[in-house]
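Chain A is the first sequence line, chain B the second, and so forth, proteins listed ahead of strands; every chain is numbered from 1. This structure is a prediction, so every number in the text was calculated from the model and none was measured.
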Protein chains: 2
Amino acid sequence: MTVDGRLARGERTRNAALDAAVVLATQAGLDGLSLAQLADALGVSKSGLFAHWRSKEALQLAAIDHAVTLWKQRILAPALRAPRGVRRVRALHDARLDFYASQALPGGCFFANTQFEFNARPGPLRDRLAETYRQWAVFLEDLVQQAVDAGELPADLDVPQLAYEIDALGMAAAMHSRLLDPDAAYRHARAGLLNRLRPLCPDPTLLTEGTS
Amino acid sequence: MTVDGRLARGERTRNAALDAAVVLATQAGLDGLSLAQLADALGVSKSGLFAHWRSKEALQLAAIDHAVTLWKQRILAPALRAPRGVRRVRALHDARLDFYASQALPGGCFFANTQFEFNARPGPLRDRLAETYRQWAVFLEDLVQQAVDAGELPADLDVPQLAYEIDALGMAAAMHSRLLDPDAAYRHARAGLLNRLRPLCPDPTLLTEGTS
DNA sequence: TAAATAAGCACGACCGGTCGTATTGTTTGA
DNA sequence: TCAAACAATACGACCGGTCGTGCTTATTTA
């Protein structure tokens with residue numbers, strides 16, 4: 001942000017466009033995202049968008065990055081306020097489900113939707129989404145590893161395995177909550193984590209404490 | 001199927017079209033499915049498709065139903081050959097993962113892809129997909145309930161909860177296997193089920209036996 | 001300090017192409 | 001001969017993208 005009126009205006013438009021693009025792409029898909037529709041939502045002309053991104057694909061890539069920063073702000077940051085270890089893992093899981101439940105993105109989960117959209121379509125968008133997903137997986141594994149290091153989980157735990165299972169619970173919630181019963185989805189996803197941790201966790205209070 | 005050559009020919013075209021439609025829609029999405037592309041793949045003109053379905057949406061709905069029958073043939077039927085109870089639950093889970101690994105549908109999982117495509121888009125297609133998913137969930141819960149009834153799982157088990165967790169493992173595999181490492185995805189999905197069942201299952205041999 | 005130039009930004013009009021769809025005509029087979 | 005199956009063609013709508021233009025603001029020049 002700058003006091004420079006010119007740059008400030010462009011920056012504002014860019015940000016508004018990316019915000020709207022994430023919302024629209026979450027509903028219609030990154031491919032189904034229409035530039036005319038996006039321009040209308042912004043109250044700008046379609047051709048004006050091409051002043052900021054040289055092609056639709058460039059805008060789509062920017063939208064992915066923008067969704068990552070939103071995800072970091074809304075889910076990672078709150079979770080990192082919880083103490084390291086099992087409680088932080090639980091906080092991350094809960095923050096994710098809270099974000100879904102908040103309907104901040106009415107279309108569900110941007111990443112789940114777009115990753116399923118592109119998982120059979122090679123190209124730059126798929127690569128970017130895959131890299132994004134890989135970073136998320138690494139982040140989740142790190143948090144589980146911290147719980148192991150803190151002695152809150154068994155030393156011989158298969159960390160990537162548990163991280164996979166946690167991610168699966170959240171991903172299923174993203175779909176289940178839109179297609180069937182939202183309440184049941186979030187309840188099952190939360191209980192699923194506790195069910196899985198219970199036999200692993202020597203200190204049961206780590207599973208009963210609230211995370212907020 | 002009939003000996004009537006005229007009807008047989010139409011029936012053959014319809015079946016071939018639905019087969020191809022499921023494959024293409026798995027890759028490009030139900031909406032991204034192009035009738036021109038579908039007609040080309042069949043060696044048929046685009047307008048000919050409208051002789052069999054009055055609109056694209058009608059074809060899409062038929063494709064969903066067709067994918068259901070394929071799913072029943074390829075996944076449900078093999079699983080039902082396993083003995084009732086925990087072994088049948090495992091067999092279903094494994095059959096699902098085997099189907100993904102077989103690459104019979106190069107685009108991944110038809111249902112996961114399309115359900116994420118439409119989970120924010122109300123309409124007949126979304127309704128049909130939701131109903132399909134509900135039936136799958138019921139089927140899975142029934143199988144778990146049978147294991148409870150057979151005394152192979154605790155009588156006070158939360159059946160829908162466990163069914164949700166099993167489904168989540170498979171769904172995550174459908175995405176993980178396309179975007180990151182397929183081998184890791186299937187391994188984690190399989191191990192995930194055993195990890196979850198182990199504390200519940202009084203008879204450990206039910207978890208070590210092969211399922212094929 | 002004032003004028004001139006350049007750059008950022010947004011607009012409306014328009015392009016070629018593809019989409020789903022309707023119409024009309026031809027082939028096919030009992 | 002009759003109806004089902006298919007082909008050919010065209011239509012209107014929408015797609016991403018380009019072009020020329022004008023307005024606003026920053027930078028350079030006199």
Side-chain angles (χ1 to χ4, degrees), chain A residues 1-22 24-25 27-64 114 117-118 121 123-126, chain B residues 1-22 24-25 27-64 114 117-118 121 123-126:
Chain A
M1 205 64 89
T2 163
V3 291
D4 182 334
R6 208 174 49 189
L7 292 185
R9 189 155 88 108
E11 196 70 26
R12 224 180 309 125
T13 300
R14 262 188 295 274
N15 262 320
L18 291 179
D19 277 335
V22 169
L24 291 175
Q27 298 175 274
L30 269 174
D31 224 55
L33 170 67
S34 154
L35 296 187
Q37 188 183 350
L38 175 61
D40 281 353
L42 292 168
V44 302
S45 73
K46 190 176 55 164
S47 55
L49 294 174
F50 286 90
H52 298 281
W53 297 277
R54 94 176 78 86
S55 66
K56 181 183 186 180
E57 189 179 80
L59 191 150
Q60 290 169 316
L61 288 169
I64 294 172
T114 57
E117 183 183 1
F118 281 92
R121 298 159 70 177
L125 291 172
R126 198 195 102 117
Chain B
M1 203 66 88
T2 162
V3 290
D4 183 332
R6 235 170 22 196
L7 291 184
R9 183 156 161 245
E11 196 71 26
R12 225 180 309 127
T13 301
R14 262 188 294 276
N15 263 319
L18 290 178
D19 277 335
V22 168
L24 291 175
Q27 296 174 276
L30 267 176
D31 223 54
L33 169 67
S34 155
L35 296 186
Q37 189 183 349
L38 176 60
D40 280 354
L42 292 168
V44 164
S45 80
K46 196 171 48 160
S47 62
L49 294 173
F50 285 88
H52 298 282
W53 297 278
R54 94 176 80 85
S55 67
K56 182 182 185 180
E57 191 179 78
L59 191 151
Q60 290 169 316
L61 288 169
I64 293 173
T114 57
E117 182 184 1
F118 280 93
R121 298 161 69 177
L125 290 171
R126 196 195 104 118

Criterion side chain to side chain contact (heavy atoms under 4.5 Å, CB included) against A/Leu38, the qualifying member of A/Leu18, A/Leu59, A/Val44: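 The passing option is A/Leu59.
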Specify the separation, in whole Å, of atom [atom1] of [X] and atom [atom2] of [N].
X       : N      : atom1 : atom2 : result
B/Gln60 : C/dG20 : CD    : C1'   : 11 Å
A/Glu11 : C/dA7  : CD    : P     : 20 Å
B/Leu49 : C/dT21 : CG    : C1'   : 12 Å
B/Leu24 : C/dG20 : CG    : C1'   : 16 Å
A/Arg12 : C/dG8  : CZ    : C1'   : 13 Å

Do the side chain of [X] and the main chain of [Y] share a donor and acceptor less than 3.5 angstrom apart?
X        : Y       : result
B/Lys46  : B/Gln37 : no
A/Lys56  : A/Ser34 : no
B/Glu117 : B/Leu30 : yes

Enter the distance from A/Leu42:CG to A/Leu24:CG here, rounded to the nearest 0.5 Å. 8.5 Å
Distance, nearest 0.5 Å, that separates OG of A/Ser55 from CG of A/Leu35: 9.5 Å
Any side-chain N or O of B/His52 below 4.0 angstrom from OP1/OP2 of D/dC6?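 For D/dC6, OP1/OP2 do have a side-chain N/O of B/His52 under 4.0 Å.
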Check each residue of residues 37-45 of chain A for a non-hydrogen atom within less than 4.0 Å of any atom in DNA chain C, then write out the ones that pass by number, or none.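 Of all residues in residues 37-45 of chain A, the ones placing a heavy atom under 4.0 Å from DNA chain C are A/Gly43, A/Val44, A/Ser45.
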Is there any protein nitrogen or oxygen under 3.5 Å from a nitrogen or oxygen in nucleotides 16-18 of chain D, and what are the pairs?
from: D/dG16; atom 1: OP1; to: A/Leu33; atom 2: O; distance (Å): 3.0
from: D/dG16; atom 1: OP1; to: A/Lys56; atom 2: NZ; distance (Å): 2.7
from: D/dG16; atom 1: OP2; to: A/Leu35; atom 2: N; distance (Å): 3.2
from: D/dG16; atom 1: N7; to: A/Lys46; atom 2: NZ; distance (Å): 3.0
from: D/dG16; atom 1: O6; to: A/Lys46; atom 2: NZ; distance (Å): 3.4
from: D/dG17; atom 1: OP2; to: A/Lys56; atom 2: N; distance (Å): 2.6
from: D/dG17; atom 1: O6; to: A/Lys46; atom 2: NZ; distance (Å): 2.9

Locate the shortest heavy-atom distance separating B/Arg126 from B/Phe118; write the atom from each residue and the value. CG-O, 3.0 Å
